[in-house]
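The structure under discussion appears below in the form of structure tokens.
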Amino acid sequence: MSDVAVAPGRPLTLGGYQVWPPVVLAPMAGITNVGFRRLCREQGGGIYVCEMITTRALVERNPKTLHMIAFGDDEKPRSLQLYGTDPEITAAAVRIIVERDLADHIDLNFGCPVPKVTRRGGGAALPWRRRLFARLVRAAVDAAAPAGVPVTVKMRKGIDDDHLTYVEAGLAAQEAGVAAVALHGRTAAQRYSGTADWDAIATLKQALDVPVLGNGDIWEADDALRMVAHTGVDGVVVGRGCLGRPWLFADLEAAFDGRSERRLPTLGEVSVTMRRHAELLVDQFVAAARNPTRGERDGCADFRKHVAWYLKGFPVGGELRRSLAMIESLAQLDDLLGKLDPTEPFPVTALGQPRGRTNSPGKVFLPDGWLASRDDDAVPEGAEMDDSGG
């Protein structure tokens with residue numbers, strides 16, 4: 001019996017938690033911190049994953065990493081994503097999570113396509129080495145099992161169209177005992193370009209008995225419904241679509257509830273959300289720094305990256321945009337938000353459009369000889385990373 005079970009119109013069961021709607025916020029470096037996750041949770045239900053944590057950094061008690069493993073008091077289930085390449089180090093990291101009660105759910109990252117990861121054999125490159133992949137996943141599942149902590153896997157289709165791994169890797173993960181598998185319908189070579197392959201997600205759903213979650217090109221709530229209809233998946237994973245639009249989770253909850261309402265906030269309503277977001281970040285950084293002045297400055301600095309996403313499509317002048325993206329205090333933010341036209345309607349032309357990073361397909365950098373043998377289960381030299389967050 002799986003730790004995660006989803007049926008159409010029914011909640012996602014994650015360990016002892018019933019999660020509705022069956023929606024997961026994907027971990028995003030520098031984005032999915034405590035403040036942002038709370039903002040999204042205020043909009044609707046789901047599973048909200050913290051920024052990626054590297055296994056070696058956790059095992060070595062890296063201070064920055066330990067600081068990143070932070071959850072709100074009311075945040076349940078606490079969901080944490082791990083990146084690792086060494087089964088023994090991964091097992092040790094999972095044991096720390098279990099023994100210190102750091103999280104209620106662990107997701108393993110096999111989807112990262114960035115060169116600094118794949119050139120070491122990690123992320124989206126690792127499933128190609130199928131025996132190493134299976135060993136690593138089983139090590140994590142076995143280490144989490146005594147505490148009943150479910151382990152899931154998130155991956156891509158493969159390295160490129162000539163080196164696809166998703167069905168074989170999904171079956172191996174299922175055999176290792178994972179609770180669910182999430183598939184981003186792109187290869188590592190695609191990065192974030194082009195169109196996600198929902199047919200591949202449907203193929204994986206047909207191949208597995210454990211729940212399958214689909215990821216890729218969910219820009220609006222109705223995209224999630226279309227993905228479920230097209231692929232039969234048990235839930236969806238949302239990443240870039242919520243950038244500057246945390247109310248997407250309210251729309252997703254309405255969609256899965258069968259309700260037709262969707263949020264089209266005016267600029268005034270968006271500015272209220274922006275202020276709430278900045279306030280939550282300031283609260284987070286003040287608590288971490290234990291210094292109100294420094295915390296407010298750092299929280300406002302962290303907020304700056306979100307300004308362009310919130311204002312996308314709105315007729316806001318360049319000078320005001322630049323000023324908002326340079327704020328140093330909440331008072332300064334309040335003054336600038338007061339200059340926005342609160343009656344300006346939401347730009348419907350921005351609906352369904354990609355948000356966040358977009359790029360072109362590119363070469364996937366791999367360790368020398370990586371493609372030569374699929375059954376080599378040696379841990380890639382230098383593949384473990386010390387920095388969390390991605």
Side-chain angles (χ1 to χ4, degrees), residues 25 27-44 48 50-51 63-64 67-68 70-75 239-250 263-347 349-350 353-358 388-390:
L25 168 66
M28 291 179 280
I31 304 294
T32 55
N33 53 27
V34 173
F36 183 75
R37 296 199 310 275
R38 180 171 180 182
L39 182 72
C40 294
R41 288 190 296 112
E42 290 176 349
Q43 305 294 319
Y48 294 91
C50 75
E51 295 179 78
K64 175 187 173 184
H67 171 70
M68 289 172 62
F71 297 94
D73 293 338
D74 61 344
E75 195 165 354
R240 295 173 294 156
C242 71
L243 296 176
R245 298 178 63 227
W247 56 85
L248 176 60
F249 293 101
R263 292 284 309 278
L264 290 173
T266 63
L267 185 53
E269 292 170 323
V270 170
S271 69
V272 171
T273 302
M274 294 173 70
R275 179 55 165 80
R276 176 60 175 160
H277 190 173
E279 174 188 320
L280 289 171
L281 290 175
V282 167
D283 289 346
Q284 172 188 330
F285 280 87
V286 166
R290 299 181 181 178
N291 181 314
T293 301
R294 178 184 170 188
E296 181 171 6
R297 183 185 66 242
D298 291 347
C300 287
D302 194 71
F303 174 75
R304 295 171 188 166
K305 68 172 77 76
H306 297 272
V307 169
W309 295 322
Y310 276 114
L311 299 181
K312 183 173 182 177
F314 282 105
V316 178
E319 185 58 37
L320 182 52
R321 286 175 182 267
R322 283 190 292 272
S323 296
L324 282 163
M326 296 174 65
I327 60 160
E328 297 182 347
S329 69
L330 291 177
Q332 186 179 11
L333 175 62
D334 290 338
D335 177 64
L336 293 169
L337 290 177
K339 298 178 180 180
L340 298 174
D341 178 0
T343 66
E344 185 66 42
F346 188 86
T349 55
Q353 298 301 309
R355 308 178 75 83
R357 70 178 106 179
T358 55
S388 294

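Side-chain contact between F285 and F303 is absent, with no heavy atoms from C-beta onward closer than 4.5 Å. Side-chain contact between M68 and C50 is absent, with no heavy atoms from C-beta onward closer than 4.5 Å. Under the 4.5 Å side-chain criterion, counting only non-hydrogen atoms from C-beta, P347 is not in contact with Q353. Side-chain contact between V270 and L340: absent, with no pair of heavy atoms (C-beta onward) separated by less than 4.5 Å. At least one side-chain heavy atom of F249 sits less than 4.5 Å from a side-chain heavy atom of L25.
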Could you walk me through whether L311 and L267 pass side chain to side chain contact (heavy atoms under 4.5 Å, CB included), step by step? CA-CA 8 Å; L311 299 181; L267 185 53; 4.0 Å; yes
Could you walk me through whether L243 and K312 pass the side chain to side chain contact (heavy atoms under 4.5 Å, CB included) check? CA-CA 10 Å; L243 296 176; K312 183 173 182 177; over 6 Å; no
D302/N33 under side chain to side chain contact (heavy atoms under 4.5 Å, CB included): CA gap, chis, key distance, verdict: CA-CA 10 Å; D302 194 71; N33 53 27; 3.2 Å; yes
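Of all heavy-atom pairs between R37 and Y48, the closest is CD-O, 3.6 Å. The minimum heavy-atom distance linking F346 with R245 is given by the pair CZ-NE, 4.3 Å. Between V34 and Q284, the shortest heavy-atom contact is N-OE1, 3.4 Å. Contact record, A278 with L333: CB-CD2, 3.5 Å, taken as the closest heavy-atom pair. Of all heavy-atom pairs between M326 and R304, the closest is C-NE, 3.7 Å.
Distance check: M274 CE to Y310 OH gives 7.5 Å after rounding to the nearest 0.5 Å. Note that SG of C242 and CZ of R355 are 9.5 Å apart. Values are rounded to the nearest 0.5 Å. Rounding to the nearest 0.5 Å places CD1 of I327 at 9.0 Å from CD of E296. The distance from atom SG of C300 to atom CG of L324, rounded to the nearest 0.5 Å, is 11.0 Å. Here the CG atom belonging to L281 is positioned 8.5 Å from the CG atom belonging to L39, to the nearest 0.5 angstrom. Between atom CG of residue D334 and atom CD of residue E279 there is a gap of 9.5 Å, rounded to the nearest 0.5 Å.
Looking only at distances, no side-chain donor or acceptor of E344 sits under 3.5 Å from a matching main-chain atom of P315. Using a distance-only test at 3.5 Å, with no hydrogens or angles considered, a donor-acceptor pair links the side chain of E51 to the main chain of G30. Between the side chain of R275 and the main chain of L337, no donor-acceptor pair closer than 3.5 Å is present. No donor-acceptor distance shorter than 3.5 angstrom exists from the side chain of R297 to the backbone of E328, with no hydrogens or angles considered. At least one donor-acceptor pair closer than 3.5 Å links the side chain of E269 to the backbone N or O of T266. No donor-acceptor distance shorter than 3.5 angstrom exists from the side chain of R263 to the backbone of L248, with no hydrogens or angles considered. With R321 contributing its side chain and V316 its backbone, the two residues share a donor-acceptor pair below 3.5 Å.
Taking the six-membered ring where tryptophan is involved, the planes of H306 and W309 are perpendicular, since the angle between them exceeds 60° and thus also 30°. Between F36 and H277, the ring-plane angle classifies as tilted under the 30° and 60° cut-offs.
The pair R38-D283 does not count as a salt bridge, with every side-chain nitrogen at least 4.0 angstrom from each carboxylate oxygen.
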